[in-house]
Every structure is written in C-alpha cells, then in structure tokens.
Protein chains: 2
Amino acid sequence: MLHADVTDAITEAVLDELAEGGIGRLSMEAVARRAGVGKSALYRRWSSRDEMVVAVLSGFSVPRVVTTDTGSLRGDIRAVLAGLEEWLTHPRFSRILPDLVAEQGRRPDLAAAVAEAVGEPRRERGAAVLQRAVERGELPADIDRELALDLLGAPIYWRHSVRRAEVDAEYLDALTELVLRALGAKA
Amino acid sequence: MLHADVTDAITEAVLDELAEGGIGRLSMEAVARRAGVGKSALYRRWSSRDEMVVAVLSGFSVPRVVTTDTGSLRGDIRAVLAGLEEWLTHPRFSRILPDLVAEQGRRPDLAAAVAEAVGEPRRERGAAVLQRAVERGELPADIDRELALDLLGAPIYWRHSVRRAEVDAEYLDALTELVLRALGAKA
DNA sequence: CGACGTCGGAACGGAACCGTATCGTCGCAC
DNA sequence: GTGCGACGATACGGTTCCGTTCCGACGTCG
C-alpha cells in the first residue's frame, strides 16, 4: 500500500515547484528533493513526468466559493466578487493558475481537467446566484447567463493576474454597480 | 555590424519556440537550430537566455488596435472588441500571451516591459474612445475610465484564453450592449 | 517470526543543454 | 587585395535531468 502521507508530501512539492518555476521548468528530481522522497516513490505512483503533473493539477481543485444567499442580487454579486478576489490573491493559486491557463493550449487533456475541476463548479455557483435573482424578480428571466457569468469572473482575473493592478474594496464596490447596471437589474 | 536579417531570423525562432513549448522549455540550442544559426550568433547579441527572452518579448509589440472613429460609442466599442478578438485569435499571439501573463509573476522586469509595450498603448487607445463619447455627450464626464477599460478587455481574454470558449459575432454584439448599459450610455 | 511492500537513497547510462572557445568562410570597406 | 568582423559549425567540460535499477531499513500483516 502506498503511504498517503508520502503522496501528500509529493503533491505539495509539485504545487510548490509549479508556483516557483512553472510547468516547463518542473523536474522530477526537484520534486523528490523538495518532498524529501526518493525518485522511486514518484515513479511508483506515476509513469512519467507529464502524467504526474496532470494528475496533481487535476486534483488541484478550487476552494468552493461561498455564495451565501444575502437576500439581494447586489449582496450576492458583491460576495461572489469578494470570493473571487480572495481566490486569486491566494499566493499559491495566483501563481499556478496563469501557468495552468497557458498550458491548456498545449495539453488538451489538461484543459479538459481544468474545465471540469475549476470552471464548471464555479459557473454553477454563479448560475445559482442569477437564478435566485430571477426568482426574486430582480433580473429578467431571459437574461444571457453565459454572458453574465463572464462578466463576473473576467474583470477580476484580468485586473489581478493579467494587468497586475490592485483589486481593493472600492474596486469591487464599483464593479458590483457596473455589473448590476449591465444586467439590467431592477432596483 | 550585426546582420539585421540574422537578428530577425533569431527573433522569429524565439517566438516560434515560445509558442510551441513556452518560456520554461525554451533552449538556446533549439532556437539556434530553428533559426539556422550558430549559437555564437545568439551570445553575440545577448549575454544570457533570460536576457534574450526578455528582449524578444519586449519587442513583441502588439499590433496597434485600429480604433477608427465610427461616430458613435456603440460603433467604437464594437470595433474595439472586434480588434481584441482578432488579436487574441491570432495563432501566435494567442499561444504566447498566456505564457507571458504567467511569467510576469516570476519576472518583474518582464512584467514592466509587457505593461509598457502592450498594456499602456492599448489602454490609451481605449481611453480615446471613451473620451470621444464623453465629448459627444454619450457618456457622463465622471465615468470611471479605469473600470470601463477593464470591462472592454477582460471578457474577451477571459472567454477565449482562459475558458477556451468560442467568441463569435453574436457574442461581441451582446457584449457591446452589455458594456453600453454598464457604462450608463445615453441613447 | 517471517514475508512482503514501501520507504529513502544512491548510482547508472544516456540525453539535453549551458556558456565558451575555436575553427574556416564569406562579404564588405577601405 | 588586404583586413576585419560576423557568420555557421563543431567541440569542449560541466551541469542537470531522465527513467531505471539496485540496496538496506522499516512497518505492517498474517
């Protein structure tokens, strides 16, 4: 039986290495060194470097966004944005995620894993917020949910990870109002 | 005198290698091989791999967005979005850019170069569109330009490069209307 | 107790790459 | 036509990494 704690140590080491050097620079020897583990322990679990990386990254699931029902669309949106900000500000996630995005173009299997583990769950949470607002009568029923969800995630990722600009409370407040207006929310 | 055409061949080779394997996997030997050039030609120009990569990527300037004055904010925004879509869909750019974004977190000098060569010029173009709209009376003068610009670039990058979903004309049309509403544009 | 499987560690041959040095060649300027 | 400088090519010693194969130690289970 493979020791679970060894597997955990390896997983942690892989994520640390990914955060530091990116996927392209990750080496088996460095992972083993950091995990305090023999290379044999790595190859006993995965048959190649790529397989290990994809496996670890596929299991790199995202902390579920807490989309508490605040009772209003404004409150819900603000909460979703705050959760996104917290997620993207996390030291490890914020370093690994952009690399993961870049690698999607080169590894279709990784892209699929990411979509399943990261994209879909998050989108479902966001969709629930919209649905509640529709039921409350705050949003028209024929709203373009696809587009609305893009509008929630995109600006924060763009601003923090792409533009490397600050995302503070004022920004989230202003963005909330902008999104409300874009969606045609009723007062 | 260094031959300009050799420099060009090297630059092309670097960009091709970057598109194929990413920054982390780029090697001097591979670049020289692809460019049909001796390694000496590389080290004659740059003193290290990192210096070469940063130099090439800094010169990897973005094709200026054509922000023709269409006479209306709706037309201008639609044109900006179309330009963005074309840019991000470009086979080479779309592969290099996410990698560049990821690497920004690891190389502050690269981040600065990218901001100067890519971010700023693009934002100035976008700001001009907003300014024209304000002068036309289509937008309030106290509009949050920072936020408005994020709203233009973010969704397309998000959708195409992060989510890997399709960005078609209908999407751009719908996004245009959403942005207009978000900005509080007058009819 | 004894057998088994995983453990960390070390070593292997082979490959890729680094950065430098040194060829002989070619083209241009003087 | 002579000299200079960049050129492609090749080789170098050194490093890093791959993936595999051993080893002795340890723990667990029967």
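Every heavy atom of this structure was used, including side-chain atoms; hydrogens, water molecules and symmetry mates were not. Here is how names work: the chains are called A, B, and so on, in the same order as the sequence lines, proteins then strands, and each is numbered from 1.
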*Length of the CE-P vector between M1(A) and dG30(D), whole Å*: 14 Å
*State plainly whether the residues R163(B) and E146(A) are in salt-bridge range, i.e. N to O under 4.0 Å.*
yes
*Look only at the side chain of H3(B) and the backbone of D5(B), and say whether a donor-acceptor pair between them is shorter than 3.5 Å.*
no
*asked:* Closer than 4.0 angstrom, basic N to acidic O: yes or no for R78(B) and E85(B)?
replied: no
*Rounded interatomic separation in angstrom, taking CZ from R44(B) and P from dA9(D)*: 13 Å
*K39(A) NZ to dT16(D) P, straight-line distance once rounded to whole Å*: 13 Å
*Backbone N or O of W46(A) within a donor-acceptor pair of the E51(A) side chain at under 3.5 Å?*
no
*asked:* Go nucleotide by nucleotide along DNA chain D from the 5' end; which of S47(A) and A30(A) gets its closest nucleotide reached first?
replied: A30(A)
*Can you say whether the rings of Y157(A) and Y157(B) are parallel (under 30°), tilted (30 to 60°) or perpendicular (over 60°)?*
parallel
*Tell me, which of residues 3-29 of chain B have any heavy atom that sits under 4.0 Å from an atom in DNA chain C?*
S27(B), M28(B), E29(B)
*What nucleic acid atoms does S40(B) come within less than 4.0 Å of, heavy atoms only: base, sugar-phosphate, or nothing?*
base
_Salt-bridge criterion met for E135(B) and R132(B) (N-O under 4.0 Å)_ = no
*Does the pair D76(B)/R136(B) count as a salt bridge with the N-to-O cut at 4.0 Å?*
yes
*Check whether any side-chain nitrogen or oxygen of R33(B) sits under 4.0 Å from OP1 or OP2 of dT10(D), and answer yes or no.*
no
_Mind checking if R49(B) touches a base, just sugar-phosphate, or nothing, with heavy atoms under 4.0 Å?_
sugar-phosphate
*Do E20(B) and R34(B) meet the salt-bridge criterion of a basic N to acidic O distance under 4.0 Å?*
yes
*Atom pair distance, as rounded to whole Å: CG in L2(B) and C1' in dG5(D)*: 10 Å
*Mind checking which nucleotides bracket the chain B contacts on DNA chain C, 5' to 3', with an atom under 4.0 Å from a heavy atom?*
dC17(C) to dT20(C)
_Salt bridge present between R74(A) and E177(A) (N-O < 4.0 angstrom)_ = yes
